[in-house]
Number of protein chains: 2
Amino acid sequence: MKGSASRKSSVTTRDALLAAGTRLFAQRGFDGASLETIARLARANKAMISYYFGGKEGLYRAILAETLEPVLRRTEGLRKVSRPAPERLQTFIFYFAEMVEHHPDLPAMILREALSGGRHLDERALGYFLSLFAVVREILEEGVRRKSLRKVDPFLTHLSVIGGLVFFFVTHPLRERLAREGRLPMKLPAPDAYVRHFALLMIHALKPEAHAPGSRTRR
Amino acid sequence: MKGSASRKSSVTTRDALLAAGTRLFAQRGFDGASLETIARLARANKAMISYYFGGKEGLYRAILAETLEPVLRRTEGLRKVSRPAPERLQTFIFYFAEMVEHHPDLPAMILREALSGGRHLDERALGYFLSLFAVVREILEEGVRRKSLRKVDPFLTHLSVIGGLVFFFVTHPLRERLAREGRLPMKLPAPDAYVRHFALLMIHALKPEAHAPGSRTRR
DNA sequence: GTCTATAGGCTGATAGAC
DNA sequence: GTCTATCAGCCTATAGAC
């Protein structure tokens, strides 16, 4: 159903194209990345893109579908863990960071897709996202329900969590460059440090209310 | 030094091109937005872009410089206000939302610029950003110093604040579209509601530690 | 599977009439 | 200041040799 991968080198070229495409689509956008450049980065011939993916758009969609699927499918695992919500939220944040480590260009590519209004988002790709979002939302919902988290809107909160993570990683290359050129007037924050900071920030943000002076909740 | 605006209609055409460019660069990226499309949206002739800005890149840079400047300059005002840090942070967040209301496409355009590694960021534009960042950082630093905020890293925190805001606004058009098509499995969050939520979330995240059970601070 | 050559479309830029 | 006409360059796609 997918070309029944026969040769060995064919798999390699295909994968190289997927990887190169991800990087260049992330860095320069769909229109800014030329097939010429992608092929060169993949050390392949540009005709190979038509061969494997039927064209530029085919490559783009293949990245969205094939790279995204295994990544997001893994998040599903976080659904089953039965642990307090704050801990599960932290796990999600660390998991997100680990994902970026393995696919450094994915967040930028996906964000660009979002900025473009999701022109290339078919139902399949959209489904992956919704399920990613659902995981976070469920953690938050459960936490609110069981009062291990403050009473917040799970959907709005989930946007804040994703936003704080995505924005950092997606702008990190720019900060790196500016730092390298001495144009960043502070030291470059390490991804690690940010992730730990952010997890803590969210834990604090969602910690159940300490009862206000004067009022008192039962228990 | 800038053409010493003589005619009346000339100003109008110029401004229309700036506005149209902002929208299209935001929605489709630098390479995705054609001069043809921009001119059409501005109800102008595409030759006018060369006339006023000397080309596509000139238009792009003009937007970055001219639209950004007044917007970011206003944030400078937030520097002088002498009020408790939590209140000033909230003011910043509301100010940011108000800015987006007046320039709905600016965040996306700027974010795209960041994703591209800041290829078009000259020293002037970069300076505007750094001063925007500085405002938030200063609020946080002061709050930490005076203990009206929890002891957090001001720089990391400022990234979380900006991230949570930018991500929401930049992805909002996508959610709107999905909602319109009935593909969003929850109700569309209103910008207002998000901003209020986010301000509160940050206030909670940064609230000075409640004394741990056993320990005790004064009062 | 890989590569070269080339067709055909679109884009950015600009000369020159008004 | 505005517009039409035009052109060179780059880009995607693909036919066909190996």
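Every chain is numbered from 1, with letters handed out A, B, ... down the list of sequences. Worth knowing before you read on, the calculation uses all heavy atoms, side chains too, and leaves out hydrogens, waters and symmetry mates. Here the structure is a predicted model, which is why all the values come from computation and not from measurement.
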Pairing of A:Glu141 and A:Arg145 as salt bridge, 4.0 angstrom limit:
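No.
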Interatomic distance, [X] [atom1] vs [N] [atom2] [rounded to whole Å]:
X       : N      : atom1 : atom2 : value
B:Phe53 : C:dT14 : CZ    : P     : 15 Å
B:Leu59 : C:dT11 : CG    : P     : 16 Å
A:Tyr51 : D:dC18 : OH    : P     : 19 Å
A:Arg28 : D:dC11 : CZ    : C1'   : 13 Å
A:Lys56 : D:dT14 : NZ    : P     : 14 Å
B:Tyr52 : D:dT2  : OH    : P     : 4 Å
A:Asp15 : C:dG1  : CG    : P     : 12 Å

Looking at DNA chain D, which of residues 43-50 of chain B put a heavy atom within less than 4.0 Å of it?
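Heavy-atom contacts with DNA chain D come from B:Asn45, B:Ala47, B:Met48.
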Any residue in residues 31-39 of chain B with a heavy atom nearer than 4.0 angstrom to DNA chain C? Just list them by number, or reply none.
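Close to the strand are B:Ala33, B:Ser34, B:Leu35.
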Considering only heavy atoms, which members of residues 16-26 of chain B lie under 4.0 Å from some atom of DNA chain C?
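Residues of residues 16-26 of chain B that come under 4.0 Å of DNA chain C do not exist, since none gets that close.
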Ignoring hydrogens and angles, tell me if any N or O in the side chain of A:Arg88 forms a donor-acceptor pair with the backbone of A:Val81 under 3.5 Å.
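Yes; judged by distance alone, with no hydrogens or angles, the pair exists.
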Side chain of B:Lys56, backbone of B:Ala33: donor and acceptor closer than 3.5 Å?
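Looks like yes, one N/O pair under 3.5 Å.
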Hey, are B:His103 and B:Thr67 close enough side-chain-wise for a donor-acceptor pair under 3.5 Å?
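No pair is found: no donor N or O on one side chain lies under 3.5 Å from an acceptor on the other.
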With no hydrogens and no angle check, do the side chains of B:Ser116 and A:Arg112 hold a donor and an acceptor under 3.5 Å apart?
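Yes, side-chain donor-acceptor contact under 3.5 Å.
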What pairs with B:Phe168 under ring-ring contact (aromatic ring centres under 6.0 Å, His included), at least two apart in sequence or on another chain?
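Only B:His172, B:Tyr194 meet the ring-ring contact (aromatic ring centres under 6.0 Å, His included) criterion with B:Phe168.
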Residues which pass ring-ring contact (aromatic ring centres under 6.0 Å, His included) with A:Phe25, listed by chain and number, not counting sequence neighbours:
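Counting only residues at least two positions away or on another chain, A:Phe25 forms a ring-ring contact (aromatic ring centres under 6.0 Å, His included) with A:Phe30, A:Tyr60.
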Report all side-chain donor-acceptor pairs from residues 71-79 of chain B shorter than 3.5 Å, counting only partners two or more places apart or in another chain.
| unit_1 | atom_1 | unit_2 | atom_2 | d |
| --- | --- | --- | --- | --- |
| B:Arg73 | NE | B:Glu69 | OE2 | 3.4 |
| B:Arg73 | NH2 | B:Glu69 | OE2 | 2.5 |
| B:Arg74 | NH1 | B:Glu98 | OE2 | 3.2 |
| B:Thr75 | OG1 | B:Leu72 | O | 2.2 |
| B:Glu76 | OE1 | B:Arg79 | NH1 | 2.9 |
| B:Glu76 | OE2 | B:Arg79 | NH1 | 3.2 |
| B:Glu76 | OE2 | B:Ser131 | OG | 3.1 |
| B:Arg79 | NE | B:Glu138 | OE1 | 3.1 |
| B:Arg79 | NE | B:Glu138 | OE2 | 3.2 |
| B:Arg79 | NH2 | B:Glu138 | OE2 | 2.6 |

Test applied, side chain to side chain contact (heavy atoms under 4.5 Å, CB included); reference residue, A:Phe167; option that passes from B:Leu111, B:Val170, B:Leu165:
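It is B:Leu111; the other options fail the test.
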Would you please classify the geometry between the A:His158 ring and the A:Phe133 ring as parallel, tilted or perpendicular, with 30° and 60° separating the classes?
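Because their plane-to-plane angle is over 60°, the rings of A:Phe133 and A:His158 count as perpendicular.
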Minimal non-hydrogen separation, B:Glu113 against B:Leu121, with atom names
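That would be OE2-N, 3.3 Å.
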